[in-house]
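Side-chain atoms are counted along with the backbone in the values below, which use heavy atoms only and exclude waters and symmetry mates.
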Amino acid sequence: MDSFISLFDPNACDGCNNKTQGISNINENCLPPEPQAGNIEYKLKIINPSKQRFEHLVTQMKWRLREGQGEAIYEIGVEDNGSLAGLTARDLTASLQTLEQMALKLGATTTVLRERRLDNGRSVAEVLVRKVPDDQNNIEIRVAVVGNADVGKSTLLGVLTQGSLDNGRGRARLNMFRHLHEIQTGRTSSISHEILGFNSQGQAVNYSYSELMTAEEICEESTKLVTFLDLAGHKKYIRTTIKGLSGYSPHHAMLVISSTAGAVGMTQEHLSIAVALNVPFFIVITKIDLMSPTKTLQSLESFLKQVGSRRLPLVIKNLDDVITAGANQLKENVVPIFCVSSVTGEGLELLLRFLYVLPPGASSKERERLQQELPEFQIDENFRVGDVGQVLGGLLAKGVITEGTKVQIGPHQDGSFTKATIKSIHRNRVPCRMVRAGQSAAICLNTPIPDLRNGMVLLSAEEEVRGCLYFQANISVLFHATAIYGGFQTTVHIGNIRQTAVVVGIFSNKCIHTNERDSVLFKFKRHPELVRVGQRLLFREGSTKGIGEITQVFPYTP
């Protein structure tokens, strides 16, 4: 947790210059050696392979696709040691045709991301191979949209998902709002979900893709689906924003900054939370039609050092920068920065291309491990729909659930769970029969659940478990004006759980100051919750901020 304590230390980035190696190699005549694991494959040339060789290449592609959760990057004209040898135009065309035949054998598609001509007159190409897994309709990634109020987050999402530019007075954001007071004030106060799809050719599939486009048709037409979580930017809604970042487990965070105001207000707060939760992030500077982003770009380098992110800003100016940024997004060495205008459309094409190549967050091995565990569905919202009745919305953190699965839901006020059966499932407003770990969904049960609330979980009926009131955690205090003593009350965020907790005991010392750590016993103030050892914890109250990890739980017995 040393890196977490340094989030608010302006001197924490003394070694930032060591991070430049990852993006500089792409502009030289050499790449890093071919990785043994992962979804990147180097091929010098693949021309007229024998039948046995072709089958071997197809098997290799299948493995790379599995490593990348349905996406693989092929570097054609590159040797295994990373040297850019290049190919003649004829050999490059033949190699791309063979690659397309390999992909066709697996039911995958190929898209040439970029070509580069070398000093020797030969060329290299970077190709994206994509295959939607057989048990999915498309490849899905979740992107949380954060930033200060009035920077244009909802307007930007409205332009991306609706496919039409803004009029300069916020028309594009009207479809993003869920409540009347949001329309009246122009400020988001809740978590709204919007989708943007991409077909196999990399074209954006949104509501303007064809006439009367529906969410169901967007899902059907898309091989890759980006789900945006539009989070609140105002200070008084910070708890809702933290809930979106911790409870929905986004794969990436998009930090939006206004060119007219710069990195002010809650910007640093939101970025600090994303860094503490290990969420990869990129930056979008909006409103460049009103003011040049030059000053904002100059201040971003020192701003990134202030939050201890230890990354190098990379301003995206062309398609080559987009591909470089996408390849480095999960390596945590660069921060892509896009300059866009929702009114003129400037820079939006590069942002869309980046979203198209943006990699999923979790590795295939981690995803397989989670799917093999017993199911755990985190309830983030609940509502009633006409004749359907009670509907539970949230994220499946572990396991697999299908229609007819026997489950238990809780914990209730006494720590117990209620037995039920899943009646129907919807994903992205479309009916489906199965949900896997890491996917969000809306679920309807066969029986109404009394005292249903957000923060409850839906578990396998086989699992024996009870909620807890007391839990122990190793915490690090990022900031507190004085010292934290026993009896201190704070809002605790653990996954989808958000509740006031009281510090019952501090084990090593009588109190904890800023940048100190200790083992602390907490007690939930209102009702039991289901927490597990190893879960990450965030707490804040006013200017007090801290993070930690749960080490022990004590089941509640009334």
Side-chain angles (χ1 to χ4, degrees), residues 39 65-66 68-72 107-109 111 113 128-145 156-163 175-176 191-210 212-231 244 248-254 279-280 282 322 326 329-330 348-349 351-364 367 371 380 393-397 400 425-443:
N39 68 333
L65 287 169
R66 187 178 181 184
Q69 299 185 55
E71 293 184 347
T109 60
T111 305
L113 297 177
L128 172 66
V129 183
R130 176 174 290 159
K131 181 184 185 302
V132 178
D134 297 331
D135 56 357
Q136 297 177 219
N137 294 327
N138 42 53
I139 299 170
E140 182 182 359
I141 60 173
R142 292 185 300 278
V143 177
V145 185
L156 177 61
L157 288 190
V159 171
L160 292 175
T161 59
Q162 302 297 323
N175 291 319
M176 305 297 105
I191 302 174
S192 62
H193 301 249
E194 298 299 331
I195 58 174
L196 170 67
F198 293 94
N199 60 22
S200 57
Q201 287 77 41
Q203 298 173 331
V205 180
N206 50 34
Y207 288 102
S208 68
Y209 184 74
S210 65
L212 301 176
M213 196 76 171
T214 63
E216 183 175 1
E217 290 171 335
I218 291 177
C219 296
E220 291 176 353
E221 293 284 341
S222 304
T223 58
K224 184 169 188 175
L225 196 68
V226 180
T227 301
F228 292 105
L229 307 174
D230 188 13
L231 304 181
Y248 285 91
S249 301
H251 300 125
H252 303 271
M254 181 169 75
V279 180
F282 58 98
V322 169
Q329 180 63 12
L330 295 181
L348 290 178
E349 190 61 37
L351 178 58
L352 284 169
R353 197 66 177 175
F354 178 73
L355 293 171
Y356 173 65
V357 300
L358 201 58
S363 66
S364 58
R367 191 174 179 183
Q371 290 179 5
D380 297 307
L395 177 76
L396 184 63
V400 176
I425 305 173
H426 279 65
R427 291 196 66 240
N428 299 314
R429 307 165 195 170
V430 181
C432 69
R433 294 188 176 181
M434 179 182 293
V435 180
R436 297 180 178 273
Q439 297 178 339
S440 55
I443 294 175

Engineer: Ignoring hydrogens, what is the shortest heavy-atom contact between Ala437 and Ala397? Give both atom names and the distance.
Structural biologist: CB-O, 3.9 Å
Engineer: So do Leu348 and Leu156 actually touch side chain to side chain, heavy atoms under 4.5 Å?
Structural biologist: yes
Engineer: Any side-chain heavy atom of Glu140 within less than 4.5 Å of one from Ser440?
Structural biologist: yes
Engineer: Indicate the atoms forming the closest heavy-atom contact of Lys131 with Leu65, along with that distance.
Structural biologist: CB-CD1, 4.0 Å
Engineer: Grab the two heavy atoms, one from Ala144 and one from Leu231, that are nearest each other, plus how far apart they are.
Structural biologist: CB-CD1, 4.1 Å
Engineer: How long is the straight-line distance from CG of Leu160 back to CG of Asn206, given to the nearest 0.5 Å?
Structural biologist: 8.5 Å
Engineer: I need the Leu229 CG to Met254 CE distance, nearest 0.5 Å.
Structural biologist: 10.5 Å
Engineer: Distance check, rounded to the nearest 0.5 Å: Thr223 atom OG1 versus Asn199 atom CG?
Structural biologist: 6.5 Å
Engineer: Counting N and O atoms only, with roles assigned by atom type, does the side chain of Arg130 sit under 3.5 Å from a partner on the main chain of Gly70, one being a donor and the other an acceptor?
Structural biologist: no
Engineer: About how many Å separate CZ of Arg142 and CD of Gln439, when rounded to the nearest 0.5 Å?
Structural biologist: 8.5 Å
Engineer: Which heavy atom of Val129 sits nearest to which heavy atom of Ala108, and what is that distance?
Structural biologist: CG1-CB, 4.0 Å
Engineer: Between Ser249 and Gly438, is there a donor-acceptor pair closer than 3.5 Å when you use the side chain of the first and the backbone of the second?
Structural biologist: no
Engineer: OG of Ser222 to CD1 of Ile195: how many Å apart, nearest 0.5 Å?
Structural biologist: 7.5 Å
Engineer: When you compare the side chain of Val143 with that of Leu358, does any pair of heavy atoms fall below 4.5 Å?
Structural biologist: yes
Engineer: Just jot down the side-chain hydrogen bond (donor to acceptor under 3.5 Å, both in side chains) partners of Glu221, sequence neighbours excluded, or say none.
Structural biologist: none
Engineer: If you look at every heavy atom in Thr111 and Arg353, which pair is closest and at what distance?
Structural biologist: CG2-NH2, 3.9 Å
Engineer: Would you mind reporting whether Thr109 and Gln201 have side-chain heavy atoms less than 4.5 Å apart?
Structural biologist: no
Engineer: Could you tell me if the side chain of Ile425 sits less than 4.5 Å from the side chain of Met434, heavy atoms only?
Structural biologist: no
Engineer: Answer yes or no: is there a side-chain heavy-atom contact under 4.5 Å between Lys224 and Ile141?
Structural biologist: yes
Engineer: Give me the atom names and distance for the closest heavy-atom approach of Val435 to Ala441.
Structural biologist: CG2-CB, 3.8 Å
Engineer: I'd like to check Val322 versus Tyr356 (side-chain heavy atoms, cut-off strictly below 4.5 Å). Are they in contact?
Structural biologist: no
Engineer: Determine yes or no for a side-chain-to-main-chain donor-acceptor pair under 3.5 angstrom, with His251 supplying the side chain and Pro359 the backbone.
Structural biologist: no
Engineer: Taking side chain as C-beta onward, heavy atoms only, is Val205 less than 4.5 Å from Leu225?
Structural biologist: no
Engineer: Mind checking the CD-OG1 spacing from Glu194 to Thr161? Nearest 0.5 Å is all I need.
Structural biologist: 5.0 Å
